[in-house]
Amino acid sequence: ISRVKECNSDHAFNSLLHNLVENIGNYRADRKFAKSKKYYTQTFETGWISKSQLLDPSLKRKLEDLLLFFKPQKNNLVVKESVMYDTDVIHNNEKDNFTTLIITWNIIKYEAPHIKLADINWDSQLEKYIPIVASIKNPSRFEYVVAEMLSKIRDSHNFMTLPNYENDLGSFYFPFNTAFVDSKNIIKQIDTAACKDYNIHIGDVIETINGRDINSLRDSLRNISRGGHIKVIDNEVDEFYLLKVKGNSPVIITLRSEDNSLRSLEIQPVTKRTLFDPIKQKAKNKYYSINDSVSYINLLYSSASDVKAALKKFRNSRCIIIDNRGYPADKTYSALFNRLTGGNDRIINYYKQNSTTFTGTFPENFLNNPYYHLRGFANILKPFYRKYKGKVIVLFDETTLSHAEFRNQGFSFIKNKVITVGRNTAGANGAIYFRYLPGKIRIAFTGDIVTFPNGESTQKKGMRPNYYVEDSINSIRNGEDDILNKAIKVATNHD
């Protein structure tokens, strides 16, 4: 990087690159690598070489030769750091900033199979952010900018650990949690004891924090929040960023109550919260009868034995509502699917990167790429289990993420009439890959591709339900679950 900056002409730059290419060693130009079914080498994007106005003809030929005679072997294109390294790096100078930015960009470029589904040109992002990070002297600001670039891949698996930025945010919290509903920042969960003295209630609306409009704050935090779609992004803003405070000094908020009165309150931040949510509290009952013909099972709070007991108890119910919101345990799904009537032989295509021979950028037609191992998940249902034969309604929303979303696809095999109610799932299906960057930064992304048998992917957009339901402020104030209420109505009225 430092030597490139010293180049004051195209000739100097090409000379530098000639030296770099020659240092890779020799190869036999008379022995081209033979293509085979085992290896597929045409995953590199090469158009930029011939189109370049900067590279000289000789250098272009050298680069094209390298690709022509490339032999797949253990992938050394990207250092796949799974533990911390270069922990003493402080991102307060141009060299370290450039290095980490380029490492970050390359990891996504060469390892993230869904990058071509993003709404942005990933190549252009490096050009955009190099001048931005060049002058950054504050490590926290650098981490914010890197997170901003990463968030543009719109991957709900894009968890990030930003040590300096998170330290600046602080380790204290407001004694409540918010949700973005009807374009308002509504209090959805409260620490009952801590909020008692302030007369704060579920359903109150926050308008400013220390004199700053809360929607302006939310917009700045959306820039760095992961998420395939806006619902996931806003959840991350609420859970990780918006309500954290640096130090325990009182914070002034303006709050609008249910009667529309506006109050200014001085809130003392807390280190720990015991948050009460009436909707979640009711769901912890695990399973119960709603009426004579409709029953309910919450997978998040149920164990495998709970599911077994529930299906035995409700075997004569006309309809069972299965709540798949959140991230239930794997054994819970197994217990459930073993007791439902299955159908299709293959419900899911799972394409996993072959890390031994993977050579670079994923091609557009990734489903035919041998760098993926195809795993078909068949419905192997044990015949001696007693099966539930009634109708099934499945609930899901933006908290249905990763493995839960993967399992959500599994409901498509059920022969029973399945109806879905809620909101789009998170849009992150397949294994999550974690990578460390210099300076204790950790990033993550979706590393596999999961599709329905027709090749359709849920990445970024999620699975859409038959009946789409938004939360309402009045329902939150009354402790009502809009998604469950809609499901009960559908179960009662549907043929």
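A donor atom on one side chain and an acceptor atom on the other are not found under 3.5 Å apart for Thr451 and Glu456. Looking only at atom types and distance, the side chain of Thr420 has a donor-acceptor partner in the side chain of Asn466 under 3.5 Å away. For the residue pair Tyr198 and Gln268, no side-chain donor N or O sits within less than 3.5 Å of a side-chain acceptor on the partner. At a cut-off of 3.5 Å, with distance as the only test, no side-chain donor of Asn474 or Glu480 sits close to an acceptor on the other residue. A donor-acceptor contact closer than 3.5 angstrom is absent between the side chains of Glu166 and Thr161. A donor atom on one side chain and an acceptor atom on the other are not found under 3.5 Å apart for His201 and Ser257. For the residue pair Glu143 and Asn164, a side-chain donor N or O sits within less than 3.5 Å of a side-chain acceptor on the partner. A side-chain donor-acceptor contact under 3.5 Å links Gln459 and Thr446.
For CG of Asp292, the number of neighbouring non-hydrogen atoms (other residues, nucleotides, ligands) closer than 6.0 Å is 12 at most. For Lys152, the NZ atom is densely surrounded, since the number of other residues' heavy atoms within 6.0 Å is greater than 12.
With hydrogens and angles ignored, the 3.5 Å screen pairs a side-chain donor or acceptor of Trp105 with a backbone N or O of Trp122. Asn158 contributes no side-chain N or O that, together with a main-chain N or O of Arg226, makes up a donor-acceptor pair within less than 3.5 Å. When atom types are taken as modelled, the side chain of Asn338 and the backbone of Ser334 share a donor-acceptor pair closer than 3.5 angstrom. A distance-only check finds no donor-acceptor pair linking the side chain of Ser225 to the backbone of Glu236 [under 3.5 Å]. Looking only at distances, no side-chain donor or acceptor of Asn177 sits under 3.5 Å from a matching main-chain atom of Glu239. Of the possible donor and acceptor atoms, one in the side chain of Thr492 sits under 3.5 Å from a partner among the backbone N and O of Ile488. Listed for the Asn493 side chain is a donor-acceptor partner under 3.5 Å among the backbone atoms of Lys489. Of the possible donor and acceptor atoms, none in the side chain of Asp204 sits under 3.5 Å from a partner among the backbone N and O of Ile200. Counting only distance, with no hydrogens or angles, the side chain of Ser302 and the backbone of Asn298 share a donor-acceptor pair below 3.5 Å. With hydrogens and angles ignored, the 3.5 Å screen pairs a side-chain donor or acceptor of Arg154 with a backbone N or O of Ser151.
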Where do Ile187 and Val205 land on the side-chain contact (heavy atoms from CB on, under 4.5 Å) test, with the steps shown first? CA-CA 6 Å; Ile187 294 177; Val205 177; over 6 Å; no
Decide side chain to side chain donor-acceptor pair (under 3.5 Å) for Asp306 and Ser303; before the verdict, give the C-alpha distance in whole Å, the side-chain angles of both, and the deciding distance to 0.1 Å. CA-CA 5 Å; Asp306 291 327; Ser303 65; 3.0 Å; yes
Run the side-chain contact (heavy atoms from CB on, under 4.5 Å) check on Ile441 and Val146 step by step: do they pass? CA-CA 10 Å; Ile441 301 170; Val146 169; 5.6 Å; no
Go through the steps for Thr458 and Glu405 under the test side chain to side chain donor-acceptor pair (under 3.5 Å), then give the verdict. CA-CA 9 Å; Thr458 65; Glu405 188 167 3; 3.3 Å; yes
Go through the steps for Val450 and Phe406 under the test side-chain contact (heavy atoms from CB on, under 4.5 Å), then give the verdict. CA-CA 8 Å; Val450 180; Phe406 170 77; 4.0 Å; yes
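The minimum heavy-atom distance between Gln189 and Leu275, with the atom names listed, is OE1-CD1, 3.8 Å. The shortest heavy-atom contact between Val232 and Ser156 is CG1-OG, 3.6 Å. Smallest separation of non-hydrogen atoms from Ile279 and Asp277: N-OD1, 3.0 Å. For the pair Thr178 and Leu243, the tightest heavy-atom approach, listed with the atom from each and the gap, is N-CD1, 3.6 Å. Considering every non-hydrogen atom in both Val307 and Ala335, the closest pair reads CG1-C, 4.0 Å. Closest approach of Leu169 and Phe240 over heavy atoms only: CD1-O, 4.3 Å.
Between Ile120 atom CD1 and Ile153 atom CD1 the span is 8.0 Å, to the nearest 0.5 Å. Here CG of Asn215 is found 5.0 Å from CZ of Phe180. Values are rounded to the nearest 0.5 Å. To the nearest 0.5 Å, the span separating CD1 on Ile108 from CD1 on Ile115 amounts to 6.5 Å. For the atom pair CG of Leu401 and CZ of Arg325, the computed distance is 15.5 Å after rounding to the nearest 0.5 Å. Rounded to the nearest 0.5 angstrom, Lys387 NZ and Phe337 CZ are separated by 13.5 Å. Here the CG atom belonging to Asp155 is positioned 11.0 Å from the NZ atom belonging to Lys460, to the nearest 0.5 angstrom.
Judged by a 6.0 Å distance limit and a 45° cone about the ring axis, Arg423 is not positioned over the six-membered ring of Tyr468.
For Tyr288, the ring pair (Phe, Tyr, Trp, His ring centres under 6.0 Å) partners at least two apart in sequence or on another chain are Tyr296. For Lys284, the side-chain contact (heavy atoms from CB on, under 4.5 Å) partners are Gln281, Tyr301, not counting sequence neighbours. By the side-chain contact (heavy atoms from CB on, under 4.5 Å) test, Asn235 pairs with Glu398, Thr399, sequence neighbours left out. Applying the ring pair (Phe, Tyr, Trp, His ring centres under 6.0 Å) criterion to Phe445, with sequence neighbours excluded, gives Tyr433. The side-chain contact (heavy atoms from CB on, under 4.5 Å) search around Ser317 returns Ser295, Phe314, Ile320, Tyr388, not counting sequence neighbours. In terms of the side-chain contact (heavy atoms from CB on, under 4.5 Å) criterion, residue partners of Glu258 (sequence neighbours excluded) are, by chain and number, Arg477.
Here Asp238 pairs with Arg218 in a salt bridge; the nearest charged N to carboxylate O distance falls below 4.0 Å. By the 4.0 Å N-to-carboxylate-O rule, Glu470 lies close enough to Lys231 to be salt-bridged with it. With salt bridges taken as basic N to acidic carboxylate O contacts below 4.0 Å, one links Asp123 and Lys109. A salt bridge does not link Asp182 to Lys184: none of the charged nitrogens lies less than 4.0 Å from a carboxylate oxygen. The residues Lys272 and Asp191 are annotated as not salt-bridged, no charged nitrogen and carboxylate oxygen being separated by less than 4.0 angstrom. We find that Lys282 and Asp481 are not joined by a salt bridge, their nearest charged nitrogen and carboxylate oxygen being 4.0 Å or further apart.
If you run side-chain hydrogen bond (donor to acceptor under 3.5 Å, both in side chains) between Arg407 and each of Thr400, Thr332, Asp330, only Asp330 comes through.
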